[in-house]
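Below is one structure, written out as structure tokens; comments come after it.
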Amino acid sequence: MDKITYIGFGDSLTYGYGVISGVSFMDKLKKSLPEEFSDKDWTIINSGINGDTTREGLRRIYRDVIDHDPDIVTILFGSNDSAFNDYQHRAITEFELNLAEITRLIQKNTKAKIIFITPPPLIEDEIFPFTTNKAVSAYSEVIRKNADNFACELIDFNTIMSMEAKGNLEPYLQYDGLHLSEKGYELIYKFIMNKIKSII
């Protein structure tokens, strides 16, 4: 039986902040991948950490990704990097460098297929006044270019969710206007599952 290790690497959107067990895309994949591909021995690791940016991701890239010798890695950062607050904001130039180095290290040290995911749009209000869709869009463009430069897979979730929402993001996001709701997780899960199927 073929062994496959899949790692979800990122921030709270990968971790599953604010939703009950079974709702996040990582929980859904942990259940559905072994059912869909029962001829394979799956190891599924959630390496999402609440509040993380690409700076913290780069610091833990060996421990949380490379040391597991993964076959598939999804990478979802950008919501925190693009937030204009003192402890999370990473200039877009640093974000670009961090993302490129994360990619180089995974490609150099593993055989993993990398799937980059752009962060979702958000509802701008006073709860998160330092995060804007303009900033998230700019950081999403860096992710698109990085995926292209390194010949990686891409799920442009920022565009996908914007199109699906048709101007009404509320059903896809939690009360804070930033983290994904059950409907938001169902949408991102569908596209990640389809992308993994195409790789396998």
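Along the sequence shown, residues carry numbers from 1. Predicted model only: the values in this text are computed from it and were never measured.
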Would you list the atom pairs, donor with acceptor, under 3.5 Å between side chains in residues 92-101 and any protein atom, with sequence neighbours excluded?
from: E94; atom 1: OE1; to: R55; atom 2: NH2; distance (Å): 2.8
from: E94; atom 1: OE2; to: R55; atom 2: NE; distance (Å): 2.8
from: E94; atom 1: OE2; to: R55; atom 2: NH2; distance (Å): 3.4
from: E94; atom 1: OE2; to: N98; atom 2: ND2; distance (Å): 3.1
from: N98; atom 1: ND2; to: T54; atom 2: OG1; distance (Å): 3.1
from: N98; atom 1: ND2; to: E94; atom 2: O; distance (Å): 3.4
from: E101; atom 1: OE1; to: R104; atom 2: NE; distance (Å): 3.2
from: E101; atom 1: OE1; to: R104; atom 2: NH2; distance (Å): 3.1

Scan the side chains in residues 8-15 for donor-acceptor partners under 3.5 Å anywhere in the protein, sequence neighbours excluded, and list what turns up.
from: D11; atom 1: OD1; to: L13; atom 2: N; distance (Å): 3.1
from: S12; atom 1: OG; to: H179; atom 2: NE2; distance (Å): 2.9

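By the 4.5 Å heavy-atom criterion applied to side chains, I66 and I61 are counted as neighbours. In this structure, P34 and I44 have side chains that are in contact, with non-hydrogen atoms separated by less than 4.5 Å. Annotation: side chain of I117 is in contact with side chain of I188 (closest heavy-atom distance under 4.5 Å). For the pair I4/D41, no side-chain contact is recorded, criterion being any heavy-atom separation below 4.5 Å from C-beta on. I115 is listed as a side-chain neighbour of I196, based on a closest heavy-atom distance under 4.5 Å. Residues S47 and R60 form a side-chain contact, since some pair of their non-hydrogen atoms from C-beta on lies under 4.5 Å apart. Counting heavy atoms from C-beta outward, L122 and N133 have side chains that approach closer than 4.5 Å. Counting heavy atoms from C-beta on, the side chains of D52 and F77 come closer than 4.5 Å.
The heavy-atom pair separating H68 from I7 by the smallest distance is CB-CD1, 3.7 Å. Nearest heavy-atom pair across Y139 and S82 is CD1-CB, 3.5 Å. Residues L173 and G177 share a closest heavy-atom pair of CD1-O, 3.4 Å. The heavy-atom pair separating L154 from A147 by the smallest distance is CB-CB, 4.2 Å. Residues G51 and N80 come closest through the heavy atom pair C-ND2, 3.3 Å. In plain terms, the two heavy atoms of T110 and P70 that are nearest each other are CG2-CD, 3.8 Å.
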field: Worked verdict on I45 versus T5 for side chain to side chain contact (heavy atoms under 4.5 Å, CB included)
entry: CA-CA 8 Å; I45 300 169; T5 297; 4.3 Å; yes
- request: May I have the step-by-step check of side chain to side chain contact (heavy atoms under 4.5 Å, CB included) for D176 and Y17, ending in yes or no?
  value: CA-CA 11 Å; D176 59 14; Y17 175 87; 4.3 Å; yes
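Taking OG of S181 as the reference point, atom CG of L169 lies at 10.0 Å (rounded to 0.5 Å). One finds the CG atom of L187 at 6.0 Å from the OH atom of Y172 (value rounded to the nearest 0.5 Å). Distance check: S24 OG to E182 CD gives 11.0 Å after rounding to the nearest 0.5 Å. To the nearest 0.5 angstrom, D27 atom CG is 5.0 Å from S21 atom OG.
Under the 3.5 Å distance criterion, the side-chain polar atoms of T53 are left unmatched by any main-chain donor or acceptor of Q88. Of the possible donor and acceptor atoms, none in the side chain of S140 sits under 3.5 Å from a partner among the backbone N and O of N158.
With hydrophobic clusters built from ILVMFWY side chains whose heavy atoms lie under 4.5 angstrom apart, I114 does not share a cluster with I200. Note: the hydrophobic cluster containing Y185 also contains I20 (ILVMFWY, side chain heavy atoms under 4.5 Å, direct or indirect links). A continuous path of hydrophobic side-chain contacts links I199 to F157 [ILVMFWY only; heavy atoms under 4.5 Å]. Cluster membership for I192 and V65, using ILVMFWY side-chain heavy atoms within less than 4.5 angstrom, is not shared. No path of Ile, Leu, Val, Met, Phe, Trp and Tyr side chains, each step under 4.5 Å between heavy atoms, connects V73 with W42, placing them in separate hydrophobic clusters.
The side-chain contact (heavy atoms from CB on, under 4.5 Å) test applied to K111 returns D69, D71, not counting sequence neighbours. D67 meets the side-chain contact (heavy atoms from CB on, under 4.5 Å) test with Y62; sequence neighbours excluded. With sequence neighbours excluded, no residue satisfies side chain to side chain donor-acceptor pair (under 3.5 Å) with K190. Under the side chain to side chain donor-acceptor pair (under 3.5 Å) criterion, K195 pairs with E153, not counting sequence neighbours. Y189 meets the side-chain contact (heavy atoms from CB on, under 4.5 Å) test with F25, K28, L29, S32, E186, M193; sequence neighbours excluded. Residues satisfying the side chain to side chain donor-acceptor pair (under 3.5 Å) criterion with T74, sequence neighbours excluded, are Y6. Contacts of N146 classified as side chain to side chain donor-acceptor pair (under 3.5 Å), with partners at least two apart in sequence or in another chain: T103. With sequence neighbours left out, the side-chain contact (heavy atoms from CB on, under 4.5 Å) criterion links K145 to E141.
Under a 4.0 Å N-O distance rule, the pair E35/K31 qualifies as a salt bridge.
Sorted by first then second residue, the salt bridge (charged side-chain N to carboxylate O under 4.0 Å, His left out) pairs that include residues 156-172, not counting sequence neighbours, are R144-D156.
Hydrophobic clustering, defined by side-chain heavy atoms of Ile, Leu, Val, Met, Phe, Trp and Tyr closer than 4.5 Å, leaves M163 isolated from every other such residue.
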